[in-house]
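Just below is one structure, and these are the notes that go with it.
From a predicted model like this one, the values you see are computed outputs, not experimental measurements. Scope of the values below: all heavy atoms of this structure, side chains included, with no hydrogens, waters or symmetry mates.
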Amino acid sequence: MKEILCRVPDAWLSVSATTRSMRPGEVAGISYYYVSREQFQALIDTGDLLEYSKHFSNYYGTPKAPVEKHVAAGKQVILEIDVNGALQVQKIAPYAVTIFVEPPSIEELKSRLIKRGTEAPQQIEERINRVNSELGFKARYNHIVVNDDLSQACDELTAIIDSHARIIKE
């Protein structure tokens with residue numbers, strides 16, 4: 001995402017809210033908005049989330065107000081969300097452009113997660129199982145990008161974003 005934001009200067013990456021704990025190196029308000037379960041439930045109850053889902057025993061969701069603010073300002077808003085969230089967004093904003101970024105293989109994804117070192121083996125297995133189920137939804141997206149080579153994946157993502165920006169501006 002850092003590379004995409006450098007390449008697409010009018011893009012804005014939405015910051016999600018989560019009930020999970022902050023990991024080393026993360027920054028509140030930049031990585032995520034870290035909230036309690038009660039605060040997250042209040043966001044749901046007041047309709048202040050564009051989308052949300054629960055996985056790995058935690059909630060994740062996109063606060064609606066910042067997205068609406070940046071859309072109104074003419075920014076290209078990027079949501080980095082899971083399949084459940086994307087399906088919710090497609091229902092309320094069918095014009096949204098969806099891009100499914102998939103790993104080159106499950107084995108490669110597992111290797112990357114192990115090297116990252118931020119999750120216990122059980123959490124890695126849960127994540128792999130989730131990816132296996134999410135792969136079944138990729139046909140519901142407008143575009144699919146395989147994240148095999150980072151530079152090539154960034155080139156593809158940038159081209160997709162730029163092509164849709166041109167359509168909107170015309």
Side-chain angles (χ1 to χ4, degrees), residues 1-102 113 116 118-120 123 126-127 129-145 147 154 157-158 160-165 167-169:
M1 266 310 118
K2 289 178 187 175
E3 178 65 24
I4 297 303
L5 293 173
C6 289
R7 292 178 181 210
V8 185
D10 69 333
W12 175 76
L13 178 62
S14 175
V15 177
S16 297
T18 184
T19 59
R20 79 160 170 76
S21 299
M22 192 181 317
R23 294 178 181 150
E26 292 181 332
V27 178
I30 295 175
S31 305
Y32 285 96
Y33 298 114
Y34 299 94
V35 299
S36 68
R37 287 184 184 277
E38 294 77 19
Q39 290 169 314
F40 199 94
Q41 187 60 53
L43 291 170
I44 294 170
D45 294 344
T46 57
D48 288 332
L49 294 175
L50 185 63
E51 59 80 30
Y52 68 93
S53 63
K54 180 182 179 184
H55 55 92
F56 310 120
S57 303
N58 290 297
Y59 288 92
Y60 296 81
T62 304
K64 191 185 294 183
V67 170
E68 291 173 342
K69 173 186 163 194
H70 284 88
V71 167
K75 293 283 189 179
Q76 295 190 71
V77 174
I78 299 173
L79 307 179
E80 196 173 11
I81 57 179
D82 70 358
V83 167
N84 291 328
L87 295 175
Q88 290 173 53
V89 169
Q90 285 175 335
K91 284 182 183 175
I92 61 171
Y95 52 84
V97 177
T98 55
I99 306 169
F100 189 96
V101 179
E102 74 174 301
L113 291 170
R116 187 167 74 178
T118 58
E119 295 157 306
Q123 291 172 310
E126 289 173 357
R127 189 171 291 273
N129 290 337
R130 184 173 182 89
V131 169
N132 276 323
S133 69
E134 287 183 343
L135 286 169
F137 290 92
K138 69 182 181 180
R140 296 183 67 177
Y141 283 69
N142 301 110
H143 303 275
I144 299 169
V145 173
N147 187 10
C154 287
L157 286 166
T158 302
I160 292 166
I161 294 167
D162 285 347
S163 71
H164 287 281
I167 291 168
I168 292 169
K169 290 177 183 176

(Q) Test of understanding: with side chain to side chain contact (heavy atoms under 4.5 Å, CB included), list the residues that count as partners of Tyr60, not counting sequence neighbours. (A) Thr18, Arg20, Tyr32, His55, Asn58
Q) About how many Å separate CD1 of Ile44 and CG of Leu49, when rounded to the nearest 0.5 Å? A) 6.0 Å
Q: Could you list the residues that satisfy side chain to side chain donor-acceptor pair (under 3.5 Å) with Glu80, not counting sequence neighbours?
A: none
Q: Begin with the C-alpha distance, continue with both residues' side-chain angles, and end with the deciding distance and a verdict on side-chain contact (heavy atoms from CB on, under 4.5 Å) for Leu157 and Val101.
A: CA-CA 9 Å; Leu157 286 166; Val101 179; 4.2 Å; yes
Q: Go through the structure and list residues passing ring pair (Phe, Tyr, Trp, His ring centres under 6.0 Å) with Tyr33, not counting sequence neighbours.
A: none
**Q.** salt bridge (Lys or Arg N to Asp or Glu O under 4.0 Å) involving Lys54 - partner list, sequence neighbours excluded
**A.** none
Q. Looking at residues at least two apart in the chain, or sitting in another chain, which of them share a salt bridge (Lys or Arg N to Asp or Glu O under 4.0 Å) with Arg37?
A. none
Can you give me every donor-acceptor pair (side chain of residues 86-93, partner residue at least two apart or in another chain, under 3.5 Å) with its distance?
from, atom 1, to, atom 2, distance (Å)
Gln88, OE1, Tyr52, N, 3.2
Gln88, NE2, Tyr52, O, 2.6
Gln88, NE2, Asn84, O, 3.4
Gln90, NE2, Thr98, OG1, 3.3
Gln90, NE2, Arg140, O, 3.0

Q. Under 4.5 Å between any side-chain heavy atoms of Leu13 and Ile4, yes or no?
A. no
Q | Counterpart residues, side chain to side chain donor-acceptor pair (under 3.5 Å), relative to Thr46 (two or more places apart) | A | Asp48
Q.
If I compare all heavy atoms of Ala17 with all of Pro63, which pair ends up nearest, and what's the gap?
A. N-CD, 4.0 Å
Q.
Are Ile78 and Ile161 packed together at the side-chain level, in the sense that at least one heavy-atom pair is separated by less than 4.5 angstrom?
A. yes
Q | Partner set under side chain to side chain contact (heavy atoms under 4.5 Å, CB included) for His70, not counting sequence neighbours | A | Trp12, Lys75, Val77
Q: With sequence neighbours left out, write down each residue that passes salt bridge (Lys or Arg N to Asp or Glu O under 4.0 Å) with Glu134, or none if nothing qualifies.
A: Arg130
Q. Does CZ in Phe40 sit with more than 12 non-hydrogen atoms of other residues, nucleotides or ligands closer than 6.0 Å?
A. yes
Q | side chain to side chain donor-acceptor pair (under 3.5 Å) against Thr118, all qualifying residues, sequence neighbours excluded | A | Arg116
Q: Can you sort out the partners of Glu126 under salt bridge (Lys or Arg N to Asp or Glu O under 4.0 Å), two or more places apart, ordered by chain and number?
A: none
(Q) Under the rule for side chain to side chain donor-acceptor pair (under 3.5 Å), what residues qualify as partners of Lys138, not counting sequence neighbours? (A) Glu102
Q) Is there a donor-acceptor contact under 3.5 Å linking the side chains of Tyr34 and Glu26? A) yes
**Q.** Sidechain-backbone polar pair: Glu68 side chain, Ala65 backbone, donor-acceptor under 3.5 Å
**A.** no
Q) What closest approach, in Å, do Ser14 and Val67 show between heavy atoms, and which atom pair accounts for it? A) OG-CG2, 3.8 Å
Q | Ser53 versus Asp82, closest heavy-atom pair with distance | A | OG-OD2, 2.9 Å
Q | Nearest-0.5 Å distance that lies between atom OG1 in Thr62 and atom CD in Glu51 | A | 3.5 Å
(Q) Donor-acceptor pair, distance only, cut-off 3.5 Å: does the side chain of Ser163 make one with the backbone of Ile160? (A) yes
(Q) For the CG atom of Leu50 and the CD1 atom of Ile81, what is their distance to the nearest 0.5 Å? (A) 7.0 Å
Q | Ion pair Arg7/Glu3, N-O distance below 4.0 Å | A | yes
Q.
If I take atom CE from residue Met1 and atom SG from residue Cys154, how far apart are they, to the nearest 0.5 angstrom?
A. 8.0 Å
